[in-house]
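So you know, we letter chains A, B, ... as the sequences are listed, proteins then strands, and number each from 1.
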Amino acid sequence: MPLKHATTLVKSLCARGAVRHARAVFDEMPDRDVVAWTAMLSGYASGGCHREALDVFRRMLAAAVVPNEFTLSSVLTACRGGGGGGGDAASIHAIAVRRGVDHMPYVVNALVDAYASRGGGDGLVDARRLFEALGEGRTAASWTSMIAGYARWGQEITGLQLFLQDDAELSPFACSIAIHACASVGNLYFGQQIHLLSIRKALGANLAVANSLVDMYCMCESILEARRLFDEMPERNLVTWNTIIAGSSRHDPLMAMQLLVDMDLEPNCLTLTSITSACAGLAALKCGQQVHGAILRRNYGDDLKVSNALVDMYSKCGSIFNAKKVFNMIACKDILSWTSMIGGYGMNGYANEAIELFNSMVHAGVPPDHVVFMGLISACSHAGLVDEGWNLFRSMLSEYNIQPNKAIYGCVTNLLAHAGRLSEAFNLIDTMPLTADESVWGALLGACKMHKNVELGRLAARKIIEINPDAVKTYILLANIYAADSKWGEYAVTRRLLRATGSSKEVGMSCIEVTHKMYSFSTADSSSPQVSLADEVLQILVQHMDEAGNDFVVNISRVA
DNA sequence: GTAATGGACA
């Protein structure tokens with residue numbers, strides 16, 4: 001068979017996925033030129049067989065066949081993302097330099113991509129150097145390789161700055177990568193810049209770009225802006241719906257439920273996961289059970305993320321029995337499964353069960369993290385298990401080699417202070433190796449209000465106001481501490497300071513589900529007839545509790 | 001007769 005025909009055969013066999021047969025033909029070829037070698041190499045590379053592609057390349061060099069630009073582009077695709085090891089990109093770079101790389105723009109772009117996807121400090125620096133040297137020769141692919149490389153290796157901001165240069169060449173792909181980078185670091189400012197850029201370059205019509213923008217606004221907690229974009233989109237697919245539903249399930253669960261009703265596509269597993277957490281946010285048990293039914297009917301019951309969301313939903317709805325039932329059915333539990341269940345026990349007052357489950361988790365070989373300890377220590381705090389909580393806190397460093405963070409210190413402060421051990425709590429803050437923030441001092445202040453400790457309360461409030469002069473809640477708490485101690489002069493001063501901040505505390509809303517309907521209300525709300533009815537019922541309950549004696553009251557307040 | 005670079009959005 002003539003050499004040309006055999007090469008064509010190798011190529012077409014590779015294109016059909018019959019790489020092994022292609023290799024058999026290739027091995028039978030008596031003399032192989034650079035085109036034949038490249039055909040075989042590219043067959044491996046484009047089929048994802050990076051190791052084999054690099055092996056063919058090495059054999060080719062050993063056979064003293066000189067690679068051309070076709071060969072080099074092909075072999076570089078096998079060096080991407082560490083698939084064949086970054087060292088190969090450098091050696092191929094060296095060959096390319098000897099062959100006159102300046103005349104091979106495709107090879108330079110492939111090098112930029114190989115270096116950028118290898119990442120690390122050197123990889124990105126090397127990629128950037130080549131990228132800069134390209135000058136006018138840069139194409140949309142060069143920009144995408146760079147920004148994807150930066151985004152992938154945690155240098156999103158550097159990538160975005162590069163992207164915002166005037167001469168950046170935008171493609172929908174590059175644009176959506178850039179927007180995703182803004183979303184993952186939560187940088188609204190850059191996100192808006194790229195949004196403007198995408199409007200100027202008429203890329204907004206691209207569905208992936210628009211979807212990324214909706215996601216970016218959700219991740220930057222601009223849910224209303226995300227919703228506005230969503231409403232304006234002429235075309236929406238399942239990803240669009242899932243993006244806005246996932247975003248609103250975190251910030252506006254009622255909106256997520258409404259979106260599900262409006263959705264004109266069949267919801268999938270991801271949709272229902274978000275809806276489950278929306279139900280958790282609303283503490284809507286009936287709704288959550290219906291969603292659970294929908295999940296089972298669609299055979300999504302084995303999905304790990306769905307199951308974890310269900311455990312969390314049942315826990316937050318107070319249905320710990322159902323939470324445990326779902327948890328027990330999870331075949332391969334991950335750290336989120338354990339955290340949800342441990343947190344579920346904790347928030348429902350079952351601190352001992354939470355600790356027991358934590359021990360099972362450690363026994364199962366799952367290393368605990370900060371979040372698990374947050375759940376555990378706050379469980380102990382709610383249940384008044386101060387010593388247990390303290391021992392868990394101590395074991396973080398001594399047994400699990402986890403350095404407690406500020407959130408943990410806040411939690412332990414709360415544990416001690418809540419139980420009335422205010423000076424120990426203060427001592428902890430005073431000696432902690434991190435700078436106490438608003439939440440840590442806030443935990444102390446809250447407990448000072450509860451235990452009517454004016455001295456420490458004043459101190460904690462002063463610390464918080466130093467950190468954040470607009471901490472409205474702090475002034476109110478401090479004023480209440482003074483009021484409880486009949487210190488009316490200081491009370492008046494604090495109220496005046498509060499007015500001086502010029503802000504008002506946003507009204508806390510609560511929701512409750514009664515016979516399949518959701519009711520929302522706030523304190524001192526007299527707008528709806530249901531509230532006055534609820535007030536009457538509450539009065540009767542309080543009366544019953546008084547008659548039942550103090551023990552009963554204590555139990556109720558622990559549950560509430 | 002050989003390569004065609006970037007591959008995102010839940």
- Message: Could you work out, with side-chain contact (heavy atoms from CB on, under 4.5 Å) as the rule, every residue matching A:Ser73, not counting sequence neighbours?
- Response: A:Tyr106, A:Val107
- When you get a sec, tell me which of B:dT2, B:dG1, B:dA3 is the closest nucleotide to the side chain of A:Glu69? B:dA3
- Below 4.0 angstrom, N of the basic side chain to O of the carboxylate: do A:Asp126 and A:Arg129 qualify? yes
- Query: Which nucleotide, B:dA10, B:dG6, B:dA3, lies nearest any side-chain atom of A:Ser42?
  - Reply: B:dA3
- Among the nucleotides B:dA10, B:dG6, B:dC9, whichever has the atom closest to the side chain of A:Asn211 is B:dC9
- Message: In whole Å, I'd like the distance from the CG atom of A:Asp303 to the C1' atom of B:dA10.
- Response: 13 Å
- Task: Answer yes or no: are there more than 12 heavy-atom neighbours, outside A:Lys305 itself, under 6.0 Å from its atom NZ?
- Result: no
- Residue A:Ser73, side-chain atoms from C-beta onward, closest of B:dG6, B:dA3, B:dT2: B:dA3
- Message: At 4.0 Å (heavy atoms only), tell me whether A:Ser171 reaches a base, stays on the sugar-phosphate, or touches nothing.
- Response: base
- Integer-rounded Å distance: B:dT2 P and A:Leu41 CG: 15 Å
- When A:Phe57, A:Phe70, A:Phe26 are each screened for ring-ring contact (aromatic ring centres under 6.0 Å, His included) with A:Trp37, the one that passes is A:Phe26
- Task: Kindly say whether, by distance alone, the side chain of A:Asp33 makes a donor-acceptor pair under 3.5 Å with the base of B:dG1?
- Result: yes
- Message: Looking at A:Arg298 and A:Glu266, is there a salt bridge between them, counting it only when a charged N and a carboxylate O are closer than 4.0 Å?
- Response: yes
- Message: Whole angstroms only, please: what is the CG-P distance between A:Asn206 and B:dG6?
- Response: 18 Å
- Task: Remember a base hit wins even if backbone is also touched, and classify A:Ala148 as base, sugar-phosphate or nothing at under 4.0 Å, heavy atoms.
- Result: sugar-phosphate
- Message: Within the 4.0 Å heavy-atom criterion, would you say A:Ala140 contacts the bases, only the backbone, or no part of the nucleic acid?
- Response: base
- Message: If I take atom CD1 in residue A:Ile179 and atom P in nucleotide B:dC9, what distance separates them, rounded to the nearest angstrom?
- Response: 11 Å
- Item | Atom-to-atom span, CG of A:Asn109 to P of B:dG6 - whole angstrom | 9 Å
- Looking at the side chain of A:Phe173, which of B:dT2, B:dG6, B:dC9 is the nearest nucleotide? B:dG6
- Sugar-phosphate, base or nothing in reach of A:Ile245, heavy atoms under 4.0 Å: nothing
- Note on the structure: Closest to the side chain of A:Asn242, out of B:dG1, B:dA3, B:dA10, is B:dA10
- Task: Taking only the side-chain nitrogens and oxygens of A:Lys11, find out if one of them lies under 4.0 Å from OP1 or OP2 of B:dT2.
- Result: yes
- Query: How long is the line joining CG of A:Leu9 and P of B:dT2, in whole Å?
  - Reply: 12 Å
- Protein-nucleotide distance (A:Leu72, atom CG; B:dA4, atom P), rounded to Å: 13 Å
- Task: Could you tell me whether the side chain of A:Ser145 has a donor or acceptor atom within less than 3.5 Å of a complementary atom in the base of B:dG6?
- Result: no
- The nucleotide from B:dT2, B:dA10, B:dA3 with an atom nearest the side chain of A:Asn268 is B:dA10
- Query: Excluding sequence neighbours, so at least two apart, what forms side-chain contact (heavy atoms from CB on, under 4.5 Å) with A:Thr339?
  - Reply: A:Ile335, A:Val371, A:Val372
- Query: Of the nucleotides B:dA10, B:dG6, B:dA3, which one has an atom closest to the side chain of A:Asp113?
  - Reply: B:dG6
- From B:dC9, B:dG1, B:dA10, pick the nucleotide closest to the side chain of A:Ser212? B:dC9
- Task: Could you check how far CZ of A:Arg32 sits from P of B:dT2, rounded to whole Å?
- Result: 18 Å
